[in-house]
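First the proteins, then the strands, lettered A, B, ... as listed; each starts at 1.
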Amino acid sequence: MNTFPKAERLCSRRVIEKLYAEGHRCRVYPYSVQWIDAQSEVACQVMTVAPKRRFRHAVDRNRIKRLTRECYRTRKQPLIDALGSQGRSIAVALVYIGAEMPEYHKLGQRMDKVIATLIEANS
RNA sequence: AGCGCCGGCUAUCCUAUCGCCCGCCGCCAAGCCGGUGGGAGGAAAGUCCGGGCAGCGCGAGCCACCAUGCUUCCUAACGGGAAGGCACCGGCGCGGCAACAAACCGGUGACAGCAAGCGCCACAGAGAACAUACCGCCUUCGGGCAAGGGUGAAAACGCGGGGUAAGAGCCCACGACGCGUCCUGGUGACAGGCGCGAUGGCAAGCCUCAUGGGCUGAAAGACCAUGUAUACCGGCAUUUAAGGACUGGCUCGUCCGUUGCCGGGGGGUAGGUUGAUAGAGGCCGUCGGCGACGGCGGCCCUAGAUUGAUGAUAGGACACGACAGAACCCGGCUUACAGGCUGGCGCUAUUU
RNA sequence: GGUCGUUUGGCCGAGGGGCUAGGCACAGGUCUGCAAAACCUGCUACUCCGGUUCAAAUCCGGAAGCGACCU
């Protein structure tokens with residue numbers, strides 16, 4: 001099942017600060033992807049970010065994060081399997097850096113690229 | 001039916017699949033899980049006001065600072081609301097050639113006080129506030145005057161008469177304006193009258209008067225577990241007077257006091273729980289009130305996250321979907337907003 | 001979530017009721033064989049909407065933009 005429960009979301013303030021300070025970063029437009037090795041019970045913890053500077057209204061930021069979560073939820077399984085086979089776990093931040101409101105199907109294609117990049121970087 | 005003005009309500013819907021948050025039930029308990037129910041707004045926004053709630057040793061007086069500003073009422077409170085007064089604007093309109101009163105209808109108004117004091121009023125102009133004299137008027141040639149011209153946003157209250165050499169609230173009538181232990185009506189603002197009196201404007205200039213205000217703000221605060229100080233408390237020894245605290249300042253009053261040792265005590269940081277969702281709550285009926293609103297009775301429970309929940313896909317309907325997403329809560333204000341429904345008033349045209 | 005500040009030509013920046021300084025930049029001219037420098041001239045502004053006032057960049061109310069602080 002393509003679920004996205006609370007355990008797979010990145011919630012720890014301490015891990016987030018460490019991620020921003022020491023994490024790897026690469027750009028897969030329209031995202032800036034940051035990740036770091038972590039010790040958790042699930043293979044991958046993810047947080048979504050939409051910057052207030054670019055998107056003034058809370059409605060727009062909410063929509064970007066919802067679409068991002070939905071795309072990740074439906075495409076995450078290859079990444080989970082790859083990490084699981086190595087016994088590793090990572091923490092990831094998906095920061096939306098595009099200038100315009102995304103469209104679901106196009107965003108899905110980019111998310112495939114993000115997943116592929118993460119698998120390659122952690123194999 | 002059309003146009004204009006002023007309000008009120010509403011804010012796409014349905015089906016299937018995959019997901020998110022919370023409550024309850026089941027599995028011995030918990031979690032995964034299974035079942036079941038609930039899940040953003042009229043502005044959730046801006047943070048412009050008011051209050052609840054919480055913390056900060058206490059109190060009194062004066063000053064400073066801030067806010068409000070026609071009256072009465074509503075309210076927990078308000079800078080909000082209701083009704084009324086006054087002013088201005090618009091409409092209508094008897095009559096009238098027309099302009100346009102009164103009354104009526106609607107809208108708008110930071111609407112206390114420059115006859116308490118100070119300050120400011122560019123340019124132009126004689127003069128902008130203890131005034132002044134260019135043209136002008138009068139003259140006994142010493143001078144007197146401010147009506148008329150001209151300047152300006154504004155010119156020493158307006159207009160008519162008396163008066164005078166010419167003039168002037170110098171005097172009078174009418175009118176504008178301010179005041180009154182005054183009279184009448186009204187709870188009152190105010191209106192009408194009587195009497196007295198002054199005369200430019202500006203208080204969203206300083207200010208005066210009246211009323212109100214302690215400060216901070218859920219990132220407040222409380223608790224648990226981990227963990228252990230330099231906070232804090234008590235005792236003993238030492239010091240005796242400077243100093244400090246009381247939330248912007250001063251005064252009064254009150255309190256604390258320097259260092260060392262001993263004992264008690266349990267801070268920061270990271271995590272969790274709580275604060276935190278049933279309330280000045282909503283709806284209906286009824287009674288009181290012009291109304292805002294209040295009393296009584298009945299019914300209802302309606303998000304509660306904590307990196308922060310409502311989305312995606314497919315199909316269908318039509319008016320083709322605006323502004324926009326809770327973060328302690330409530331009452332207002334302001335701002336944004338496609339469409340739909342609806343109430344009142346005015347005018348125009350047609351029909352009956 | 002809460003608390004503040006700021007907005008004046010292309011850029012920096014003064015002015016706090018009476019025709020909006022100054023500097024840099026830009027354009028034209030003088031000078032020069034050409035340019036630089038210097039000198040002269042010009043151009044482009046008070047974030048927006050209302051209100052107070054005779055008069056508003058300035059005072060008052062509202063909106064918008066930009067920025068800062070508190071964990």
- Note on the structure: Any strand, both distances under 3.5 Å, Watson-Crick or G-U wobble: C202(B) pairs with G119(B)
- Qualifying salt bridge (Lys or Arg N to Asp or Glu O under 4.0 Å) pairs, either residue in residues 113-123 of chain A, two or more places apart: none
- Partner of U307(B) under the Watson-Crick or G-U wobble criteria, both distances under 3.5 Å, comes out as none
- Query: Now, which nucleotide makes the Watson-Crick or G-U wobble pair with U351(B), with each of the two distances under 3.5 Å?
  - Reply: none
- Item | Partner nucleotide of G160(B) by Watson-Crick or wobble geometry (both distances under 3.5 Å) | C172(B)
- Item | Sequence-distant partners of Arg73(A), side chain to side chain donor-acceptor pair (under 3.5 Å), two or more places apart | Glu70(A)
- How far, in whole Å, is C120(B) from C145(B) if one measures between their C1' atoms? 32 Å
- Task: Can you run down the side chain to side chain donor-acceptor pair (under 3.5 Å) pairs that involve residues 57-66 of chain A, sequence neighbours left out, and say none if there aren't any?
- Result: none
- Message: For Leu79(A) and Cys44(A): C-alpha separation, side-chain torsions, deciding distance, then whether side-chain contact (heavy atoms from CB on, under 4.5 Å) applies.
- Response: CA-CA 8 Å; Leu79(A) 178 61; Cys44(A) 183; 4.0 Å; yes
- Item | Gap in Å between the two P atoms, one belonging to A25(C) and one to C66(C), rounded | 31 Å
- Item | Residue list, side chain to side chain donor-acceptor pair (under 3.5 Å) with Glu8(A), at least two apart or on another chain | Lys76(A)
- Message: Quick check against the 3.5 Å criterion: does Arg27(A) have a side-chain atom that pairs as donor or acceptor with the backbone of Val33(A)?
- Response: no
- Item | Watson-Crick/G-U partner (both atom distances under 3.5 Å) of C5(B) | G344(B)
- Quantified in whole Å, what is the P atom distance between nucleotide A218(B) and nucleotide U3(C)? 8 Å
- Could you write nucleotides 308-313 of chain B as a row of B, S and -, 5' to 3', where a protein heavy atom under 4.0 Å of any base atom gives B, of only sugar-phosphate atoms gives S, and otherwise -? SSSBSS
- Query: Between G275(B) and U286(B), how far is it from one C1' atom to the other, in whole Å?
  - Reply: 41 Å
- Item | Polar side chain donor-acceptor pair, Tyr31(A) to Thr68(A), under 3.5 angstrom | yes
- Message: Using the P atom as the point on both nucleotides, what is the distance between A128(B) and C159(B), in whole Å?
- Response: 23 Å
- Message: When you group the ILVMFWY residues by side-chain heavy-atom contacts below 4.5 Å and let the links chain together, are Leu83(A) and Met111(A) in the same group?
- Response: yes
- Spacing of the P atoms in A35(C) and A27(C) (rounded, Å): 13 Å
- Item | Start and end of the RNA chain C segment that chain A contacts, any atom under 4.0 Å from a heavy atom | G65(C) to G67(C)
- Taking atom CZ of Arg25(A) as the centre, does the number of heavy atoms from other residues, nucleotides or ligands within less than 6.0 Å exceed 12? no
- Item | Distance, C1' atom - from G91(B) to G4(B), rounded to whole angstrom | 11 Å
- Using purine N1 to pyrimidine N3 plus N6-O4 or O6-N4 for Watson-Crick, or N1-O2 and O6-N3 for G-U wobble, each under 3.5 Å, what pairs with U47(C)? A63(C)
- If we take the P atom in both C333(B) and A292(B), what is their distance in whole Å? 15 Å
